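For clarity, every value in this text was computed on a predicted model and none was experimentally measured.
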Amino acid sequence: MIHAVVLHHDRAAIIELPKEPVELEMELAAIGIQENPKRIWIQDEDGRPVRIQLFSQSDRENHAAGLFTAGNTLEEVNQCAHLLQSMHEGIADAVEEKLFRYKYAAPQELMDDIRTMTEDLIAVTVDYYCPLKFQMTDEEYGYWYEVDNSYGLANEDALRERLRAEQDRDLNDMAAYFHGSESAKAKILSAVWDVENIGGELYGVIHTKLTGPFSP
């Protein structure tokens, strides 16, 4: 966890990162900052309306925090903190060793390395399919009624875009919400929701990347 000390004029907050984007924006708004974290720079110079200092009680995160400069944003800190917190245990030691040996010159190098090492763990990809039920609401009376699959087919691209947008709002990959056995959970590197036209019928599909196949 990385702590961001955010100073805005005469108001201050200590924000624990990572935070879901909406939660981060709410904590900033609580001290009067309406700016998007993408446009809040990691600077601590006198006279600036927003000043930020980073620290952590963890040696690993402290080393990561030290990579950020005035050219980086608060959103990048949030993303980096999330990747460090959620990375697979199979790469954690290697990442930590590189941090302690100052192998990363910038936070983007660290984040890219975590993503690359995670991809290297992929041993198998599996797509899981499920039937879909489509319902619409009556605008006048407000009740729901079921429609056939052709409605889904006609709106395939819009449904896919909406699924992507919903997932992009979340720092976590959907794999984080799998609540099965620990042995199965340890194998899931990624899970992405999508839709797919199969033989003229629209199905839900979950694209997964695994460190190894599941047992029966």
Side-chain angles (χ1 to χ4, degrees), residues 1-88 91-92 95-96 98-100 102-118 137 142 158-179 190-193:
M1 184 176 291
I2 296 176
H3 295 79
V5 180
V6 184
L7 308 173
H8 181 229
H9 300 304
D10 59 344
R11 304 169 74 180
I14 299 178
I15 302 176
E16 296 178 349
L17 303 174
K19 275 275 188 304
E20 288 300 332
V22 172
E23 293 178 3
L24 178 55
E25 290 175 7
M26 288 176 62
E27 293 210 24
L28 292 170
I31 59 171
I33 299 175
Q34 302 299 327
E35 199 75 30
N36 190 301
K38 293 180 180 179
R39 294 186 288 274
I40 298 176
W41 305 97
I42 307 303
Q43 301 183 53
D44 187 29
E45 299 174 4
D46 289 339
R48 287 194 163 273
V50 178
R51 298 167 56 190
I52 296 180
Q53 302 168 355
L54 304 176
F55 74 95
S56 176
Q57 296 176 343
S58 158
D59 288 340
R60 183 179 74 184
E61 273 72 9
N62 247 338
H63 276 72
L67 297 173
F68 289 89
T69 67
N72 298 116
T73 66
L74 187 59
E75 182 188 53
E76 289 175 309
V77 180
N78 198 36
Q79 290 176 341
C80 186
H82 170 68
L83 285 173
L84 285 169
Q85 186 179 83
S86 63
M87 67 181 166
H88 194 275
I91 66 172
V95 170
E96 189 168 293
K98 287 186 176 182
L99 271 170
F100 290 165
Y102 300 97
K103 297 294 185 181
Y104 303 114
Q108 194 59 52
E109 290 183 14
L110 167 60
M111 292 189 281
D112 288 345
D113 200 30
I114 291 175
R115 293 186 180 105
T116 298
M117 284 196 278
T118 301
T137 182
L159 289 167
R160 179 175 292 110
E161 244 347 275
R162 184 59 181 267
L163 280 169
R164 184 178 294 118
E166 286 294 317
Q167 291 171 92
D168 285 347
R169 291 175 59 190
D170 197 328
L171 275 177
N172 287 297
D173 185 286
M174 293 299 102
Y177 302 103
F178 175 78
H179 299 301
S190 175
V192 177
W193 297 349

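With hydrogens and angles ignored, the 3.5 Å screen pairs a side-chain donor or acceptor of E76 with a backbone N or O of T73. Under the 3.5 Å distance criterion, the side-chain polar atoms of D44 are left unmatched by any main-chain donor or acceptor of R51. In terms of modelled atom types and a separation under 3.5 Å, the side chain of N72 and the main chain of T69 share a donor-acceptor contact. Looking only at distances, a side-chain donor or acceptor of E109 sits under 3.5 Å from a matching main-chain atom of A105. For the pair E20 (side chain) and L171 (backbone), a donor-acceptor distance under 3.5 Å is present.
Here N78 contributes atom CG and K38 contributes atom NZ; the two are 12.0 Å apart, rounded to the nearest 0.5 Å. E25 CD to E75 CD: the interatomic distance, rounded to the nearest 0.5 Å, is 9.0 Å. In this structure, the separation between CE on M174 and CD on E166 is 9.0 Å, given to the nearest 0.5 Å. Here CD of E27 is found 11.0 Å from CD1 of I33. Values are rounded to the nearest 0.5 Å. The distance from atom CD of E35 to atom CH2 of W41, rounded to the nearest 0.5 Å, is 10.5 Å. The CZ atom of R60 lies 9.0 Å from the CD atom of Q85; values are rounded to the nearest 0.5 Å.
A salt bridge between K19 and E23 is absent, with no side-chain N of the basic residue lying under 4.0 Å from a carboxylate O of the acidic one.
In terms of heavy atoms, P37 sits closest to L24 at CG-CD2, 3.8 Å. A pairwise comparison of heavy atoms in S56 and N62 identifies O-ND2, 2.8 Å as the closest pair. Of all heavy-atom pairs between Y104 and L67, the closest is O-CD2, 3.2 Å.
Within a 6.0 Å sphere centred on CZ of R160, other residues, nucleotides and ligands contribute more than 12 heavy atoms. Atom OH of Y177 has more than 12 heavy atoms from other residues, nucleotides or ligands within 6.0 Å.
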Determine whether V95 and M117 satisfy the following criterion, side chain to side chain contact (heavy atoms under 4.5 Å, CB included), listing intermediate values before the conclusion. CA-CA 9 Å; V95 170; M117 284 196 278; 3.1 Å; yes
Apply side chain to side chain contact (heavy atoms under 4.5 Å, CB included) to residues D113 and I91 and explain how you reach the verdict. CA-CA 10 Å; D113 200 30; I91 66 172; over 6 Å; no
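Results of the side-chain contact (heavy atoms from CB on, under 4.5 Å) test with C80 over L84, V77, L83 single out L84 as the only residue that passes.
In this structure, the side chains of L28 and I40 come closer than 4.5 Å at one or more pairs of heavy atoms.
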Taking only distance into account, with no hydrogens and no angle test, what donor-acceptor pairs under 3.5 Å do side-chain atoms of residues 1-18 form with protein atoms, sequence neighbours excluded?
unit_1: H8; atom_1: ND1; unit_2: I31; atom_2: O; d: 2.7
unit_1: R11; atom_1: NH2; unit_2: A30; atom_2: O; d: 2.5

